[in-house]
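Chain A is the first sequence line, chain B the second, and so forth, proteins listed ahead of strands; every chain is numbered from 1.
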2 protein chains.
Amino acid sequence: MARTTPQTHGEILAAAARRFAATGYRGTSLQDIATEVGCSKAAVLYHFAHKEAILTELMAPAIEVLRSLDSRIAGQPEPAAAQQVAAEGFVDLAVRFRSEIALLRGEYPELLQQPGFAHIQQISERLIDALAGRSERASDRITALVLLAGIAETCGQFADVSDRELGDALLALLRRALQPPTR
Amino acid sequence: MARTTPQTHGEILAAAARRFAATGYRGTSLQDIATEVGCSKAAVLYHFAHKEAILTELMAPAIEVLRSLDSRIAGQPEPAAAQQVAAEGFVDLAVRFRSEIALLRGEYPELLQQPGFAHIQQISERLIDALAGRSERASDRITALVLLAGIAETCGQFADVSDRELGDALLALLRRALQPPTR
DNA sequence: CACTAATCTGACCGATCGGTCAGCCTCTGA
DNA sequence: TCAGAGGCTGACCGATCGGTCAGATTAGTG
């Protein structure tokens, strides 16, 4: 039967977020989402053109913040300043959107190649470059990549930690781990 | 036609390693592997009981080393010593088996729940505990988990870096990032 | 009332997946 | 020479996937 109120769109989004977080994007079928909402799979595809569109809409706010961080970093001519902006901005992003980031669950490589996410990869590279203090040394780039990937991969697991505490811990970790760019 | 030499088993393993590294475990079908080898899908399933058996055999050496590291850590009564053993052992493991670790590519959660890998999760938890200096503080556990996940997730991407250089960089990162357990 | 547009359903589609099976080669040893 | 074992193939299976489609139901509007 048709819903009395047309709020199904939002319910689908919420259900998809729960399922993606539990079993990943690829591990969640449209039928899973439909079952959780209590509607048919066809209803899900009535509200969203395809499966990827659900993910795109879920990630939109986080991507918008990531974009603005990217341009803020680009505006820093000094490597040390860019590094600090990148560290603080990324930690803030990871903490605020940890549930959104978590639901990607290691499926970045495939998902980032889809048309809607092509630019994310370039932003990530610039973020790593800034975190590495714009250094070309292998050890600096390894450090930056390990920290970025580690935070992205784990931030969703600390649901029981407050934003404040998680952010402080991550920022302190970055400060300890990142070499000052000039030395 | 039948192969003149029965070396197909090894060829399948090598092909599977390449495909898993390129597109992940779930992203690789038995047909993909068969095509790369140049045999039929049925031939793959003649040499391996099921798809998971290929992965199990590929990971066996790394898992064996991980196990021995786990027991070495367990034999350290002092948190500081356990932390050092865990850091050095894990870096050595990540560097030596980086290609094997890489081919899991973020599919840990699902794969570790399969029967053949059940104990890996417990070992991981003990490893994190040791890296965190056996501390209960949230910040220590966050640090340990971020570093562990970051290294596991990225070590396969540094194919152009020598074992020595990668190991030194990772170990230096761990030393900088890990708080001394007593303070 | 009639008409329209939005919402939703069940049935269906083609593709792909991991896995099974009967049987065909080829080699080896008695 | 021939039986048997190891190695392998093509055809096939049931399940599941994302996605399509015609039509039913509902709510709003004149």
Side-chain angles (χ1 to χ4, degrees), chain A residues 1-20 22-59 103-105 107 110-117, chain B residues 1-20 22-59 103-105 107 110-117:
Chain A
M1 77 202 80
R3 294 304 190 79
T4 51
T5 52
Q7 64 195 17
T8 315
H9 189 95
E11 288 180 22
I12 292 172
L13 271 182
R18 286 192 297 272
R19 298 309 308 155
F20 289 165
T23 55
Y25 175 75
R26 275 198 298 178
T28 300
S29 69
L30 292 173
Q31 186 57 61
D32 290 337
I33 299 171
T35 302
E36 178 128 345
V37 172
C39 68
S40 69
K41 187 181 68 169
V44 174
L45 286 165
Y46 169 78
H47 287 279
F48 296 88
H50 25 253
K51 191 186 177 187
E52 193 198 327
I54 305 175
L55 184 67
T56 304
E57 190 161 326
L58 275 174
M59 299 299 292
L103 55 81
L104 293 179
R105 271 268 298 268
E107 297 176 17
E110 291 80 6
L111 290 176
L112 294 189
Q113 282 174 355
Q114 306 224 8
F117 297 96
Chain B
M1 77 203 79
R3 294 305 187 82
T4 52
T5 52
Q7 63 195 17
T8 315
H9 188 95
E11 289 180 21
I12 292 171
L13 271 183
R18 286 193 297 272
R19 299 309 307 156
F20 289 167
T23 55
Y25 176 76
R26 274 197 300 178
T28 300
S29 69
L30 293 173
Q31 187 57 62
D32 290 337
I33 299 171
T35 301
E36 179 128 345
V37 173
C39 67
S40 69
K41 189 181 68 170
V44 175
L45 286 164
Y46 170 78
H47 287 279
F48 295 89
H50 26 253
K51 190 186 178 188
E52 192 198 329
I54 306 176
L55 185 68
T56 304
E57 191 163 325
L58 275 174
M59 300 299 294
L103 54 82
L104 294 179
R105 271 267 296 272
E107 298 177 15
E110 291 80 6
L111 290 175
L112 294 189
Q113 282 174 355
Q114 306 224 10
F117 299 95

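The C1' atoms of five pairs define one axis at each end of the helix from C/dC1-D/dG30 to C/dA30-D/dT1, and these two axes lie 20° apart (to 10°).
Remark: B/Thr8 is not in phosphate contact with D/dG7, judged by side-chain N or O atoms under 4.0 Å from OP1 or OP2. When the side-chain nitrogen and oxygen atoms of B/Tyr46 are compared with OP1 and OP2 of D/dG7, one or more of them lie within a distance under 4.0 Å. Taking only side-chain nitrogens and oxygens, B/His47 never comes nearer than 4.0 Å to OP1 or OP2 of D/dG6.
In this structure, the separation between CZ on A/Arg18 and CD on A/Glu36 is 4.5 Å, given to the nearest 0.5 Å. Between atom CZ of residue A/Arg19 and atom OG1 of residue A/Thr35 there is a gap of 9.0 Å, rounded to the nearest 0.5 Å.
Considering only heavy atoms from C-beta on, B/Met59 comes within 4.5 Å of B/Leu103 through its side chain. Looking at heavy atoms from C-beta onward, A/His9 lies in side-chain contact with A/Glu57 at the 4.5 angstrom threshold. B/Phe48 is listed as a side-chain neighbour of B/Ile12, based on a closest heavy-atom distance under 4.5 Å.
Remark: the backbone N or O of A/Tyr25 is paired with a side-chain donor or acceptor of A/Lys51 at under 3.5 angstrom.
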* Structure fact -> Heavy-atom contacts, protein to nucleotides 17-24 of chain C, under 4.0 Å, summarised as B (base), S (sugar-phosphate only) or - (none) per nt, yield SBBBB---
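Applying side chain to side chain contact (heavy atoms under 4.5 Å, CB included) to B/Val44 and the options B/Asp32, B/Thr8, B/Ile54 leaves one that passes, B/Ile54.
A/Thr23 is linked by a side chain to side chain donor-acceptor pair (under 3.5 Å) to A/Thr28, counting only residues two or more places apart in sequence or in another chain.
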